[in-house]
Amino acid sequence: MEVSPDPSGNNRPRPISNGVDLDLRHDSSDISHETPGDLTHKFTRHRSISSLARFEELLMAFTPSERLILYGLTAILAASTLALIINISASVSTIVPTHGGSITEGEVGPARFINPVLTLSQPDEDLSALIFSGLMRSLPDGSVVPDLASGYSVSDDGTTYTFNIRSDARFHDGTKLTADDVVFTVQTIQTPEIKSPHRADWEGVAVSSPDPSTVVFKLPKPYAPFIFDTTLGILPKHLWQNVSAEEFPFSPLNTHPIGSGPYRVAHLDTDSTGSAVSYDLTPNSSFTLNAPYIDHIKFLFFSNDADMIDAFNAGKISALAGIAPADLHLITRTDTRTLTSPLPRTFGIFFNQTHAPVLADPSVRNALSAAVDKNALLQQVLGGYGVALSGPIPPGVLRNNKMDSSIASTTATVSAIGSDVAESILTHSGWSMSSSTNTWIKGSGTKRSTLTFTLATADEPELVATAHALAQDWKAAGIDVQVQVYPLSELNTNVIRPRAYDAILFGEVVGREGDLFAFWHSSQRNDPGLNLAMYANTKADTALAQARSTIDQKSREKLYGQFATLVQKDNPAIFLYAPDFIYIVPTSVQGIGLGALTTPAERFLNVYQWYTNTERVWDVFAK
């Protein structure tokens, strides 16, 4: 105890601890004037200071080394406690996508018809895929699920499809979507004056709506792939019904679209001519399959690929779709990743045996096929971004993976390839090399045949490169081939439609529905059919006809397997490759599922599941 002076002049003992005055009285203060709260605070403060003082006295009693050990153990305890809390939290929580982020894509060419009835260009299709939705929606795995429809049924004979419209289906302007909108959209496509490029898909289909929530389609005959046609985007009748057929392609609604898809137009910038410079899309919170996570998807438009790639390298856009393999070396950014997916397209050489009788000889077709190194061609022309084919069915069309790999996407089935193999095939079939003309000849007199023909193709970089590579392979085997390159429009009009070619290098876009009828059935040998090989086989015809009317997936693919076997045996064409779709996206964007794409626009099939941001939530709150 020490003694301190008392204000009254009396000396009273006051407790002093480490220099802290523990007297509860304030000088010149009366405790009777304190409130209960003030007293509680003072007593609490007194106890806390006393505890702290005792701890400090205890700590000072330790040696420096003991204090160091204490500090270390305390740190370990704290770290262990924190780790335990984190582990417990992790065991009962999940990282899930959350809303936020943006993607800016480049497009070459303008968007003129953001309208599922009129879409022509890739910009049209890309924007329409985001803004519009259909009764059904295709998924990256090849399946089809209800979108605007809550469900559907098919009659026993496979000709009547009945769909029920979801009660919560809405257009972006808030208007309820009904069966009338579906009927209006289909009938608009069927109107000849509209000149819809999709009219053929709906020819002969009768559509009706017995009530506002029901749509009925009546087909003239069973057609299993019809379910894929119902992914067609639906137009809002209340906005389009007063637009005449003459005004239809000129309506402002084509560039200011209102749909029911996962994204809606939030902002549009135009230049002095009124052409779109950019579109900013934001999520449709009422989208039937859940609101998308990405807050903004923007599109900027460029006049050519070079300008678009420059903008990408400069950071003005963050994603590129459908870039050519030859342009990949121009990409300099490192904050992106490259996604690829095989396109269901069959590129090959289709022989017109009627136009060039020399190609009717099976040994000639076999020799031409043996001379081609498909894998080397794939590397040379596409930089390896594709799949070498041995048959008419491209990858991704068949859902049966085992059948798909054995029929559609295997490499060439020729056991040996090369010019010497081709020469051996010709020699054993009675062909000989003429010393005077340096060409293969067979027979004599009026029955003499010379192995020479022309190969036609379109003026597209990959096709031209492929054609010249093939000519080099055949030249090495002594086979004389002349390459003829045409502008695409001229090729279609003057070569393909009249079937005025010996052989043609071209591509078939098979499509997600996998209907091969138009490309290979004998009824399609003449224009407007697409049987470029002029192929005719009654067994193949039967398999194709049955396949397109068979709803059961496994049965349909079995029929396609039979068809593919027949085509490979007859060898009416040389199947080369199916190119890959190349998509360059920011590394931050996750959840992208490409699957097998029919068109580049189908990269957006599961766009509502893409995300850049995540958060950790307890399992009980996670979806």
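Please read these numbers as outputs of a predicted model, since none were measured by experiment.
Between the side chain of Asp480 and the backbone N or O of Thr452, no donor-acceptor pair lies under 3.5 Å. Between the Ser549 side chain and the Gln546 main chain, a donor and an acceptor come within less than 3.5 Å of each other.
Across every non-hydrogen atom of Ala111 and Leu127, the tightest pair is CB-CD1, 3.7 Å. Among all heavy-atom pairs drawn from Val277 and Asp271, the shortest one is CG2-N, 3.5 Å. When all heavy atoms of Leu343 and Ala578 are compared, the closest pair comes out as O-CB, 3.6 Å. Closest approach of Val117 to Pro197, counting heavy atoms only: O-CD, 3.5 Å.
Ring-plane geometry between Trp610 and Tyr583 is classed as tilted, the angle between the planes lying from 30 to 60 degrees on a 0 to 90 degree scale. Ring orientation note: the planes of Phe453 and Phe351 are nearly perpendicular, at an angle over 60° on the 30°/60° scale.
Inspection of the Thr273 and Ser275 side chains reveals an N or O donor paired with an N or O acceptor under 3.5 Å. Side chains of Ser523 and His521: a donor on one and an acceptor on the other come within 3.5 Å.
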Which donor-acceptor pairs under 3.5 Å do the side chains of residues 459-468 make with protein atoms, sequence neighbours left out?
| from | atom 1 | to | atom 2 | distance (Å) |
| --- | --- | --- | --- | --- |
| Thr466 | OG1 | Glu462 | O | 2.8 |
| Thr466 | OG1 | Tyr577 | OH | 2.8 |

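Pairs engaging residues 559-586 under the salt bridge (Lys or Arg N to Asp or Glu O under 4.0 Å) rule: none recorded [sequence neighbours left out].
Asp310 has no carboxylate O lying under 4.0 Å from a charged side-chain N of Lys316, or vice versa, which leaves the two without a salt bridge.
Annotation: the span from Glu508 atom CD to Arg345 atom CZ amounts to 12.0 Å, rounded to 0.5 Å.
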